[in-house]
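Note that ligands are numbered from 1 as they come in the structure, with each ligand's atoms numbered from 1 the same way. All heavy atoms count here, side chains included; hydrogens, waters and symmetry mates do not.
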Amino acid sequence: MNLSKKAKNIQPSVTLAISAKANEMKSKGIDVIGFGVGEPDFNTPLNIQEAAINAIRDGRTKYTAASGIPELKKAVAAKFLKENDLYYTESQIIISTGAKQCLANLFQAVLNPGDEVLIQTPYWVSYPELIQLADGVPVFIGTDEKDNFKLSIDKLEEAVTGKTKMILVNSPNNPTGTVYNKAELTMLADFAKKHNLIILADEIYEKLIYGNEEHISIASLSEDAYKRTVVINGVSKSFAMTGWRIGYAAGSEEIIKLMSNIQSHTTSNPCSIAQYASLEALTGPTEAQTAMIEEFRKRRNYMTERINSINGISCCEPMGAFYVMINISKLFGNKVEGVLINNSMTFSSSLLEHAMVAVVPGIAFGVDNYVRISYATSMENIINGLDRIEAYIKKYYNEFQ
Ligand SMILES: Cc1ncc(COP(=O)(O)O)c(C=O)c1O
């Protein structure tokens, strides 16, 4: 049967494929350490769990308004005002089934066939696929480790065309942990203004920042930036609520209305119970969140120091999110048990086979000299996993024994 060409062009998520392979090995009794996951290993805080239970008991189990309950929109507006210096009315806010649905809604709402979206490489795996599902064209702009994986204006100017519609700014960044400072965000906002582009600001890792940088929303920089930006955020990463599936977006009333119309026909409303849980997340106590961030900070510090002490691999210190990009390019050209290691896929497969450590090959993010590991796993796993990586390199890579 002649099935959808668009659907056939969509790549399955490499990150999920690696997790599936690691889980399969685990189910066979093999002791695999997984560094692939993109979600906090902490449980959702108790006050949020209670709010969900109460919502069920109180019968808040019916359809809600398609774009979300007014109480949660109010809480989101209050959050934006208090934390990001951004004023939005309720009609400028949509609640969706995860930030991912906000992204899907937005691309559907603003892109016409052939419209181009500028995205930095390395990029989060779902951006290109979601853009293509909306008939848009992802245009990749390379960044370098020596520049902390930050976009340069020269490269952006080279990539922009008459068809460019949008620039995507993801800070803190998945997979690099890069956090853009005010001067850099101003440069990006000026670029967007010059070329009359929509700015998509994916700020889902906002709370997970460990260095001296503070999170600044690009929308807060000027009246112009405010008008052309759609900010996307959610509770998944910041409140250990990945499974609850609540994200939100804020922007011009016109765009949010289109996004809400699309959502009303695809999923109706996001889960009513999860919306009440998210209301508690945004308005209740935040001690559990603070403790989680502190733990991530400890793990990040240990991980980066340890990786840079291992001969043959290196990393730069991520400023946010919970991932480290390990540069593996020095290992290329070596053979492990007869298999040539010459890219991120061959390295990741070899590491899984010989060291029982699962990492995500950089090619999933558009870069082949790296693998991504996540520190959203216990300190014990981190120490153990890095011991294994070190032993594997010493054993199989003559140059680094
Ligand atoms: C950069 C980025 N944006 C958005 C999302 C989607 O988050 P949600 O769980 O809210 O759909 C993720 C999840 O991994 C992410 O890494």
| Of Ile246, Asp202, Asn233, which has the heavy atom at the shortest distance from atom 2 (C) of ligand 1? |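 Selected option, by shortest heavy-atom distance: Asp202.
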| message | With a 6.0 Å cut-off on the ring centroids, do Phe42 and Phe296 count as close? | response |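 Yes, the ring of Phe42 comes within the 6.0 Å limit of the ring of Phe296, centre to centre.
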| said: Is the distance between the ring centroids of Tyr397 and Phe332 under 6.0 Å? | reply: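 Between Tyr397 and Phe332, which both carry aromatic rings, the centre distance is not below 6.0 Å.
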| request: State if Asn170 counts as touching ligand 1 under the rule of any non-hydrogen atom under 4.0 Å. | output: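 It does; at least one heavy atom falls under 4.0 Å.
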| query | Looking at ligand 1, does Arg245 have a heavy atom less than 4.0 Å from it? | reply |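 Per 4.0 Å heavy-atom rule, Arg245 contacts ligand 1.
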| query | What pairs of residues pass the ring-ring contact (aromatic ring centres under 6.0 Å, His included) test when at least one of them lies in residues 359-386, not counting sequence neighbours? | reply |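 Listed once each, the pairs are Phe149-Tyr370.
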Side chain or backbone, does [X] bring an N or O within less than 3.5 Å of an N or O on ligand 1?
X      : value
Lys237 : yes
Tyr323 : no
Lys100 : yes

Between the side chains of [X] and [Y], is a donor N or O closer than 3.5 angstrom to an acceptor N or O?
X      : Y      : value
Asn181 : Glu214 : no
Lys394 : Asn311 : no
Asn334 : Glu399 : no
Asn9   : Gln132 : no

Would you mind running through ligand 1 and noting each atom that sits below 4.0 Å from a heavy atom of [X]?
X      : value
Ser236 : 8 (P), 9 (O), 10 (O)
Tyr127 : 1 (C)
Gly98  : 10 (O), 11 (O)

| request: Specify the protein heavy atom at minimum distance from atom 15 (C) of ligand 1: its residue, its atom name, and the distance to 0.1 Å. | output: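 Going atom by atom, the protein heavy atom closest to atom 15 (C) of ligand 1 ends up being Trp124 CE2, 3.5 Å.
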| Starting from atom 10 (O) of ligand 1, which protein heavy atom do you reach first, and at what distance in Å? |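 Looking only at protein heavy atoms, the one closest to atom 10 (O) of ligand 1 is Ala99 N, 2.7 Å.
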| query | Do the ring planes of Tyr396 and Tyr392 sit parallel (below 30°), tilted (30 to 60°) or perpendicular (above 60°)? | reply |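 Aromatic pair Tyr396/Tyr392 classed tilted.
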